[in-house]
Amino acid sequence: MCGIVGILGPGDKSKELIDGLSLLEYRGYDSAGICVVKDDKLLLFKKKGKIKGLQKVVGRKDLSAVVGIGHTRWATHGEPSDKNSHPHTDCTNTIAVVHNGIIENYLELKQGLIDKGHKFVSETDTEVIAHLLEEHYKGDIYEALKETIKALDGAYALAVISKDAPQRIVAARKGSPLVMGIAEDKIIFASDITPILMFTRKVVYLDDGDVVDVSGIPASIRIENGSQEKAIQVNQIDWDISQAQRCGHPHFMLKEIHEQPGVINKLCRLHIRGSDVVFPELSHIDIAGLKKIYIIGCGTAYHAGLVGKYVIERFAGIPVEADVASEWRYRDIVVEDDSLCIAISQSGETADTLAAVERFRNEGVKVLAVCNVVGSSLTRAADAVILTHAGIEISVASTKAYTAQLAIMYLLAFFLAQNRGRDVASYIADMLDVYSAVSQVIEQKNELQHLAHHHHHFGSFLYLGRNLDYPTALEGALKLKEISYIPAEGYPAGEMKHGPIALIDEYRAVVCIATDSFIYEKMHSNIEEIKARKGKIIILATSGNTHIGEEFKEVVYLPKINEAFSPILNIIPLQLFAYYVAVARGCDVDQPRNLAKSVTVE
Ligand code: G6P
């Protein structure tokens, strides 16, 4: 939620900051703003709406300057408007700040500042930071920041500049992500590494409590945490800026759908050795003694966790509980001995997931992170980390990160099974074929587009699946509602008679996941029940299932694979269907309303 950038180093700051913000726009796009120090003044530009609106306001103004900060907003306090946009400034227009996070005690702070004569212009929590900085400013913005953050409760990633310091940026982090890039002639702060990749692959992952002072050319850098000076630890990252570009695809979502076979194949190659699965990442975890696994995640990551529950129980025989992190964090958990928490997150920055992880750690449970972002808060909080290696995911609706999480769930299940002496070699061999079946389904995209064209006008959808296909029903429905705004509900088909069947009539579209499975006959009975009530049925079936095609018109045939892997294959047509429905309805696929990719506040 919200993206911030701060850049120190010579250059055209309008281009650098706007390009940087564009790469962070998936984090929020209610409004955007930038501020630079030029001719001893703060030059501030902000605009409600997407970054292209800001770009118009900035126009061709010469903003060559050494320092600048920028922000793209997902509104929490105060509606999206020009005045609520960041950067925020103090009463004297000396100091400007951008902020990602929430200041929980802002009302109390605001009243205190108003009593001292400060004039507020916005409804945001962030503006109190600008005025607090003004209160503490005695000519040194770094010292002012250190004093200011002492008063703040809540989460923040901050970048601050002052008109009195045209070659200095100061920054601080607590609870919200902030990364610093070190390029030859520039220092870049950003909410994630994508804007940094424009300049360098050398990054420093800042920790909670870090306060950073960067000044001069060439820049000198000081990092303190709890008034202790810290050594600067530089990491070299292997992501590429091209991963953050659409590369000819009309939307990031479609590009990322296409990347899935490559990601699945890569994960298999990394973790399968002959007929064994290897996870050197787990060498510090007592796998042999494991008696219980808790899987947590939010949104799509939770759906991957549900699949994880089914496959770990099935292949390894270890009891698994899966739940959304926002529930776990407040549950009265009675944690069993010899248990492990698996936290799944694409970004590694989801606030609820991080809070639930902290609870598990406080209970003495080891945490395994399954995460896509190296150096994210989750990877640093966990005892062990398995990376999903999906590359940068930009589209708000997650696709490749999900199938990567699924692949890891299967590989983990096989690893745990082998550790318990179970023979899963034939499944491991079959998993090596899954990526090419995924490719084949992506090739069927015209068929899915056609299907979407005929169904995009439906007012609501029901997605049904059983067993391993139940999480797929949830995820398929989530994809549709996220990007097309059509109400869609995923349900375990066996529960249909306990409510959802009342919804079925000729105006209801029902997506039935009925690929080959040991429970296919049960699913088929549900389909007949829907037909009898005139629901508009779309079926996913396995190629070769001729009888279903004789009875129903809208059948999407998927290649035959080992049915144990159906979640990885079956979600692909549902991603494509959701994508083409959203396109047919004229929706903004990559930036759906009200959503943000990374939910860093509760
Ligand atoms: C948001 C995103 C989803 C994502 C969820 C969890 O809701 O829009 O795509 O699944 O957060 O995010 P995480 O980064 O923890 O996987």
Side-chain angles (χ1 to χ4, degrees), residues 1-3 24-29 74 100 176-177 191-194 251-253 256-257 263 295-308 322-329 341-358 367-382 385-406 408-409 471-472 474-485 490 571 574-575 578-579 582 587-602:
M1 320 230 111
C2 301
L24 289 178
E25 200 172 16
Y26 69 87
R27 300 177 69 89
Y29 28 83
W74 188 91
N100 166 214
S176 297
S191 298
D192 75 30
I193 59 173
T194 44
H251 298 98
F252 278 108
M253 184 177 177
E256 289 160 5
I257 288 173
V263 176
I295 307 186
I296 56 167
C298 295
T300 289
Y302 162 64
H303 296 156
L306 267 185
V307 174
D323 205 349
V324 284
S326 51
E327 285 301 314
W328 265 117
R329 66 180 290 187
C341 163
I342 302 179
I344 308 178
S345 173
Q346 187 284 129
S347 62
E349 301 295 349
T350 301
D352 284 320
T353 306
L354 294 173
V357 160
E358 199 180 323
V367 173
L368 164 64
V370 174
C371 188
N372 199 35
V373 180
V374 192
S376 59
S377 303
L378 177 61
T379 61
R380 284 181 294 150
V385 178
I386 297 176
L387 292 172
T388 43
H389 291 293
I392 304 169
E393 193 180 64
I394 301 278
S395 172
V396 168
S398 181
T399 53
K400 64 175 179 171
Y402 177 65
T403 40
Q405 289 159 355
L406 292 185
I408 293 294
M409 288 299 109
T472 308
L474 294 178
E475 177 61 10
L478 178 64
K479 285 291 88 84
L480 190 75
K481 66 187 144 197
E482 276 181 315
I483 59 173
S484 73
Y485 319 137
I571 192 57
L574 302 185
Q575 294 170 343
Y579 171 76
C587 297
D588 189 342
V589 173
D590 284 334
Q591 295 180 344
R593 71 182 179 208
N594 303 340
L595 294 177
K597 182 145 191 76
S598 196
V599 182
T600 53
V601 294
E602 193 175 351

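First listed ligand is number 1; within each ligand, the first listed atom is number 1.
- If you check the side chains of H303 and Y402, you find no donor sitting under 3.5 Å from an acceptor.
- Annotation: I344 places no N or O atom under 3.5 Å from an N or O atom of ligand 1; distance criterion only.
- Using a 4.0 angstrom heavy-atom cutoff, A596 counts as in contact with ligand 1.
- Judged by distance alone, the side chains of T300 and K479 do bring a donor and an acceptor atom under 3.5 Å apart.
- The N/O atoms of T353, backbone and side chain alike, include none that comes under 3.5 Å of an N/O atom in ligand 1.
- Interatomic distance, CD of E393 versus OG1 of T388, reported as 9.0 Å (0.5 Å rounding).
- Side-chain atoms of S376 come within 3.5 Å of backbone N or O of V373 as a donor-acceptor pair.
- Of the protein's non-hydrogen atoms, C298 O, 3.7 Å is the one closest to atom 5 (C) of ligand 1.
- Protein heavy atom nearest atom 16 (O) of ligand 1, with residue, atom name and distance: Q346 N, 2.7 Å.
- Of all the atoms in ligand 1, the ones that sit under 4.0 Å from a non-hydrogen atom of T350 are 6 (C), 12 (O), 13 (P), 14 (O), 15 (O).
- For the ligand labelled ligand 1, residue L595 lies outside the 4.0 Å heavy-atom shell.
- Taking CD1 of I295 as the start and CG of L306 as the end, the distance is 8.5 Å to the nearest 0.5 Å.
- Between the CZ atom of F252 and the CD atom of Q591 there is a distance of 9.0 Å, given to the nearest 0.5 Å.
- Nearest to atom 9 (O) of ligand 1 by heavy-atom distance, out of T388, I296, V396, is V396.
- Below 3.5 Å of separation, one finds no N or O of Q405 facing any N or O of ligand 1.
- Interface of S398 with ligand 1, defined as ligand atoms under 4.0 Å from a residue heavy atom, comprises 9 (O).
- E358 and R329 are not joined by a salt bridge, as no carboxylate oxygen comes within less than 4.0 angstrom of a charged side-chain nitrogen.
- In this structure, a donor-acceptor pair under 3.5 Å is present between the side chains of S377 and E349.
- Those atoms of ligand 1 that come under 4.0 Å of a heavy atom in T300, given as number and element, are 10 (O).
- The nearest heavy-atom contact from the protein to atom 14 (O) of ligand 1 is S347 OG, 2.6 Å.
- Counting heavy atoms closer than 4.0 Å to ligand 1, residue V599 contributes side-chain atoms (C-beta onward) but none from N, CA, C or O.
- K597 O, 3.5 Å is the protein heavy atom nearest to atom 1 (C) of ligand 1.
- Between the OG1 atom of T379 and the CD1 atom of I386 there is a distance of 13.0 Å, given to the nearest 0.5 Å.
- In this structure, the separation between NE2 on H251 and CD1 on I483 is 9.0 Å, given to the nearest 0.5 Å.
- Of all atoms in ligand 1, numbered sequentially from 1 with element shown, those under 4.0 Å from a heavy atom of A301 are 10 (O), 16 (O).
- The ligand atoms of ligand 1 that sit less than 4.0 angstrom from a heavy atom of S345 are 13 (P), 14 (O), 15 (O), 16 (O).
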